[in-house]
Amino acid sequence: MSTIPVPVPSSLITPPRPADPAAVKVGLERWAEQAARCPDQDAATFAREYVEDAAGRVLLESVFGNSPFLTQALISDLPFVRRLFTDGYDSAFDAELDAIRTELATEREMPRLMARLRIAKRRVALLTAVADMAGAWDLAQVTGALSRFAETALHLACDHLLVKAAGAGSLILPDPENPSVGSGLIILAMGKFGARELNYSSDIDLIVLYDDHVVQTTQPDNMARTFVRLARDLVRIMEERTRDGYVFRTDLRLRPDPGATPLAVSVSAAEAYYGSLGQNWERAAMIKARAVAGDLDAGRTFLRFLVPFIWRRSLDFAAIQDIHSIKRQINAHRGYKAVAVNGHNVKLGRGGIREIEFFAQTQQLIFGGRDPTLRTSGTEPSLLALVEAGRIDRSVADELIQAYRYLRTVEHRIQMKEDRQTHALPADDAGVAALALFMGYDGPEPFRTDLLATMTLVEDHYAALFEEAPPLAGSAGNLVFTGTEDDPDTLETLRNMGFGNPGAVASHVRGWHHGRYRATRSTRARELLTELGPALLEALGSTPHPDDAFNRFDEFLARLPAGVQLFSMFYSNPNLLNLVAEIMGTAPRLAEVLSRNPNRLDAVLTPGFFDGLPDRQSLAEQLDLLLAQARDFEDVLNIARRWTNDQILWAGIHILRNITDGERCGPFLSDVADLALAALEPRVTDDFARRHGRFNGHSVAILALGKLGSRQMTLRSDLDLIMVYDVPPGLGTSDGPKPLAPNEYFIRLTQRMINAVTAPTGEGRLYDIDMRLRPSGNSGPLAISLEAFTRYQLNDAWTWEHMALTRARVIHGPAELASRLNNAVREVLTRPRDPDKLLRDVAEMRVRIDKEFGTTDIWEVKYVRGGTIDVEFIAQYLMLRHASDHPEILSSDAATALRAAAQAGVLDGTVAEDLCAALSLWRRIQGFLRLTTEGKFVADKAPAGLREAMIRAAFPERAEDQDFGFDALELLARDIAARAYRHFTALVDEPAAKLGQATPAP
């Protein structure tokens, strides 16, 4: 640990040398001009004599050559300057406070009040700065004077506003001569103001409360509005900039949950907040809280209520972890040892003032509950109290106190120059050199040496604090979400993690810690979240879309009913946290499923989750077991949705982790849909039959087409269905209380089935259903009899409907009806047909699709030439053309049909393999994009992580090939598409063109 002594610059003994000789010359000229035209002859004479005095001239030159702000303050008010240098700093200060108390005690005009307070602030700023520069006041006197003036200004402003509110009939003042006494208005000073340590250009941190049990009013319903208005006017009085300047910038963001509460908070609400939602950083802030204006007795009573919140007698281990975490977040990058001077922030930067304050506060929080001697508010007294309590060595306290005084002096010199609320050293060498002179050094190098030594010393002591605490996993920089304002280093850390809007991320994380979500309202949940924060943010930041991932996680968190269990799971299973981050960042469909029921994560922790997806038999047994527990029809719907979404999550995670891919997952997702529909249909029918009865001997089958029919479902596929029923002839109406004719009965039953599948519940919707492939499309009935279906397909269906029928598969129904329906479909598909008409129809349909949806985007795998449609059209064309002679080529799966066609000799084997390879690639890509992308995939805008994941999904065997990048993937995909398109052209387009009835697509 460093033992370099903290320097005591000569500025604490004599005024510093001027850094700008030209400014000195201009200042002296302005001083003389002001003396010449000053109407106060005593002040004018004083000014002329003072500049001739050797000591006086040195002080004036120091002011003129170092601070434009102080120069203006000095020259613009010669009568006050005379009193200042004649009466002395202490007397002049006391006289100014007495003057404003007298002048403003009965002031009822807000503009006059504001003007006089601003003049007083300018005078106090000048007085404290000159006393500081001349070495007449030490740091405690400077900060104490600024704090006393702030208290006086607030007291006068509060009295003024309370009298105004009483005059308007909003309040009743128990003592009109002393408006604040008994008023119930509480103004708490926080931070440096509370500790009487205001810096030179500090803002003041306040909490405005009103004791709703003390306030007297004839308008109790307007109480909240009255005090919010008062708080707003108080801020205006203090910080509004006028021609006279301002008093203090005022910050009310340390009140309970500032993002969700009004400017003034009732004591009842504040007590409830601190009793259940108060955070450890707020406990640290409350160490310095002090009632400074308004009803001081009410304020002190409230602070006594907070004693158990601030000072826990037995601090539990989780709370200590939280305090450790705050410290470690602030200092997570402590291994970086280069502390610079240029541009360094002496308050928030490494080795700065904040680290000294935190050094004391954290130990006060841990030990102050059992040792009341540690319940001090000032930084220096707190360090000395820690010595007396045996918590730190006296040498450590002495070094930190000396460093604190030095850094606060640097801070004040920075702020005195232009009266700017800044803590950053000049960014350029010339600025640092000027500051060195203002600090009393002869040049910049000794100043740099002393400053670096001071910050290194602070950093070493700070790094030793809680050395036994393990580092936060994976943290790569500051991650501080305490307080109410963004920490600049934290924003930079978030930006480096990949977040495009770090301010929004920081704001949301602060919201979590304020308990705005149910999951973060318990103290334990917030402590766990503090510990998890760095790892969580790093995991989200490493996803392809960090901001989207964070927003989805925030939505996920907002829906959680409680947080401790899940956060504990994350804490115990870091891989689970990484998986959730990956889902949030790359799998929107899974993120939605997970958000609806976070308990689904439990399954991830079960043995065998990543081994392989279950087979159909296992799925059926699992679903039957769950449905057996259903108490009513609503329960059936929710169980079916929950179970289905569980399987979708399972499949999606396997795709995400490259355990399977979109093609291999298709049959599993199809089994899930098959079983869900098969389980629902009899229950929907039973529910429907309670009202409308049944037909004796009737049966219903579900015919699937599209992706479900071909067993190539994706995570987002809808269901193409046709409901086919069979009723014995001669039956008039159903036998229920509300009988229906067969057509109407099955149409309404089908509608009930659609509603059961698509209606959203707390578990989401099961699937979207598309019935447009039924006979006659949207104009046809929702359900059709087997006889009508067969007749329509044999006599009236278009070629495109027969193409769709090649993917038909009966997924549910009595064996006898299923057999008859399958035979009907087979009869239609194996009928001999006019090959030329078929060829023209297929070609014309592809032209129409290309005209409406045509694209050159290779990632639009359905519509791009050589994509899914071209390959499936070839398979469907071959089946319709040759099934009459080769019925064995019929298959609802295009790849199986193509290989069977090659086996039957109606398709070249090499062509079949080319087409099957293309179809397999498109299925893998589509399955991946349905998992990871909302809307269109734009390769040029896709993050590198998503592009790399696409390579693994499309060609897992090439994933480790360093030479096979995304550009290579795109070139290979285009080559595969071009080859498939050439086959389509040769098999369909060119023969059709020769017939003269169709134009091949360009």
Side-chain angles (χ1 to χ4, degrees), residues 30 34 38-40 43 63 67-84 89 92-132 142-164 180 187 189 192-193 198-206 208 230-252 292-294 412 415-422:
R30 292 179 61 197
Q34 190 69 16
C38 181
D40 185 330
V63 171
S67 171
F69 167 71
L70 292 177
T71 297
Q72 179 60 30
L74 198 66
I75 291 173
S76 64
D77 198 351
L78 290 184
F80 174 73
V81 173
R82 172 178 170 271
R83 293 196 301 275
L84 171 62
Y89 303 111
F93 178 77
D94 291 338
E96 186 63 19
L97 291 195
D98 289 341
I100 59 173
R101 290 190 191 104
T102 301
E103 295 171 34
L104 301 178
T106 58
E107 180 58 66
R108 298 298 172 255
E109 295 297 323
M110 189 182 293
R112 285 202 289 267
L113 174 81
M114 292 171 65
R116 183 64 182 91
L117 287 177
R118 280 153 179 75
I119 292 169
K121 170 60 186 300
R122 186 178 67 242
R123 290 175 174 176
V124 169
L126 174 64
L127 185 153
T128 54
V130 174
D132 186 2
V142 170
T143 59
L146 293 168
S147 301
R148 280 179 60 199
F149 171 70
E151 289 180 47
T152 303
L154 283 167
H155 172 76
L156 292 167
C158 287
D159 279 358
H160 170 86
L161 294 172
L162 287 167
V163 169
K164 180 181 176 182
S180 291
I187 308 295
K192 287 182 169 59
F193 184 18
L198 280 182
N199 59 46
Y200 188 76
S201 295
S202 180
D203 58 3
I204 53 175
D205 293 300
L206 304 178
V208 180
L230 188 149
R232 188 177 296 113
D233 286 343
L234 180 64
V235 171
R236 179 189 169 202
I237 289 172
M238 299 303 288
E239 75 173 20
E240 184 177 281
R241 288 186 178 272
T242 70
R243 59 193 296 269
D244 298 303
Y246 69 102
V247 188
F248 286 98
R249 287 171 294 270
T250 305
D251 193 336
L252 303 183
V292 293
H412 285 178
Q415 295 175 344
M416 283 177 187
K417 185 176 178 64
E418 298 284 0
D419 188 31
R420 289 176 54 230
Q421 187 192 17
T422 180

Exercise. Between V247 and I237, is a side-chain contact (heavy atoms from CB on, under 4.5 Å) present by the stated rule, with each step listed?
Worked result: CA-CA 8 Å; V247 188; I237 289 172; 5.6 Å; no
For this session: Any chance you could measure H160, atom NE2, to R108, atom CZ, to the nearest 0.5 Å?
Result: 8.0 Å
Exercise. Considering only heavy atoms from C-beta outward, does the side chain of V163 approach that of T106 to under 4.5 Å?
Worked result: no
For this session: Could you grab the distance from atom CE of M238 to atom CG of L206, nearest 0.5 Å is fine?
Result: 7.5 Å
For this session: State, to 0.1 Å, how close E239 and T250 come at their nearest heavy-atom pair, and which atoms those are.
Result: OE1-N, 2.8 Å
Problem set entry | No-hydrogen, no-angle side-chain donor-acceptor test under 3.5 Å, Y89 and D132 | no
Exercise. Step by step, would you call R148 with D94 a salt bridge (Lys or Arg N to Asp or Glu O under 4.0 Å)?
Worked result: CA-CA 10 Å; R148 280 179 60 199; D94 291 338; 3.3 Å; yes
Exercise. Is there a donor-acceptor pair closer than 3.5 Å between any side-chain N or O of Q415 and the backbone N or O of Y200?
Worked result: yes
Exercise. Any idea which heavy atoms bring S202 and F248 closest together, and the distance?
Worked result: O-CD2, 3.7 Å
Exercise. So how far is it from R118 CZ to R123 CZ, rounded to the nearest 0.5 Å?
Worked result: 15.0 Å
For this session: State, to 0.1 Å, how close I75 and Q34 come at their nearest heavy-atom pair, and which atoms those are.
Result: O-CG, 3.0 Å
Exercise. Hey, is D233 close enough to R236 for a salt bridge, meaning N to O under 4.0 Å?
Worked result: no
Seminar exercise, completed: Distance col, row K417:NZ vs T71:OG1, nearest 0.5 angstrom, shows 9.5 Å
Exercise. Do the non-hydrogen side-chain atoms of D40 and L78 ever get within less than 4.5 Å of each other?
Worked result: no
For this session: Any chance you could lay out the side-chain contact (heavy atoms from CB on, under 4.5 Å) test for I204 and V292, step after step, and finish with the verdict?
Result: CA-CA 12 Å; I204 53 175; V292 293; over 6 Å; no
Exercise. Quick one: does L234's side chain get under 4.5 Å of C158's, heavy atoms only?
Worked result: yes
Seminar exercise, completed: What one should report as the nearest heavy-atom pair of L84 and A92 is CA-CB, 3.9 Å
Seminar exercise, completed: Heavy-atom nearest pair, S180 first then D159, reads OG-OD1, 2.5 Å
Problem set entry | Any donor-acceptor N or O pair under 3.5 Å, side chains R122, Q72 | no
Problem set entry | Cation-pi check, K121 onto Y246 ring (under 6.0 Å, within 45° of axis) | yes
For this session: Using side-chain hydrogen bond (donor to acceptor under 3.5 Å, both in side chains) as the criterion, list what pairs up with R420, not counting sequence neighbours.
Result: none
Exercise. Do any N or O atoms from the side chain of R249 and from the backbone of S201 form a donor-acceptor pair under 3.5 angstrom?
Worked result: yes
Problem set entry | D77 side chain near L126 side chain, heavy-atom distance below 4.5 Å | no
Seminar exercise, completed: For F93 and A145 the tightest heavy-atom approach is CZ-O, 3.3 Å
Problem set entry | Validation row: I187, V208 side chains within 4.5 angstrom (heavy atoms) | yes
Exercise. N199 versus Q421: any side-chain heavy-atom pair under 4.5 Å?
Worked result: no
Exercise. Got L70 and V130 here, is their nearest side-chain heavy-atom distance under 4.5 Å?
Worked result: no
Exercise. Any salt bridge between K164 and E107, counting N to O under 4.0 Å?
Worked result: no
Exercise. Any sub-3.5 Å donor-acceptor pair from S67's side-chain atoms to V63's backbone N or O?
Worked result: no
Problem set entry | Side chains of I100 and F149 in contact at under 4.5 Å (non-hydrogen atoms) | yes
For this session: Output the distance between atom OG1 (T143) and atom CG (L198), rounded to the nearest 0.5 Å.
Result: 7.5 Å
Exercise. Listed by chain and number, what are the side-chain contact (heavy atoms from CB on, under 4.5 Å) partners of A115, not counting sequence neighbours?
Worked result: D244
Exercise. About how many Å separate OG1 of T128 and CE of M416, when rounded to the nearest 0.5 Å?
Worked result: 6.5 Å
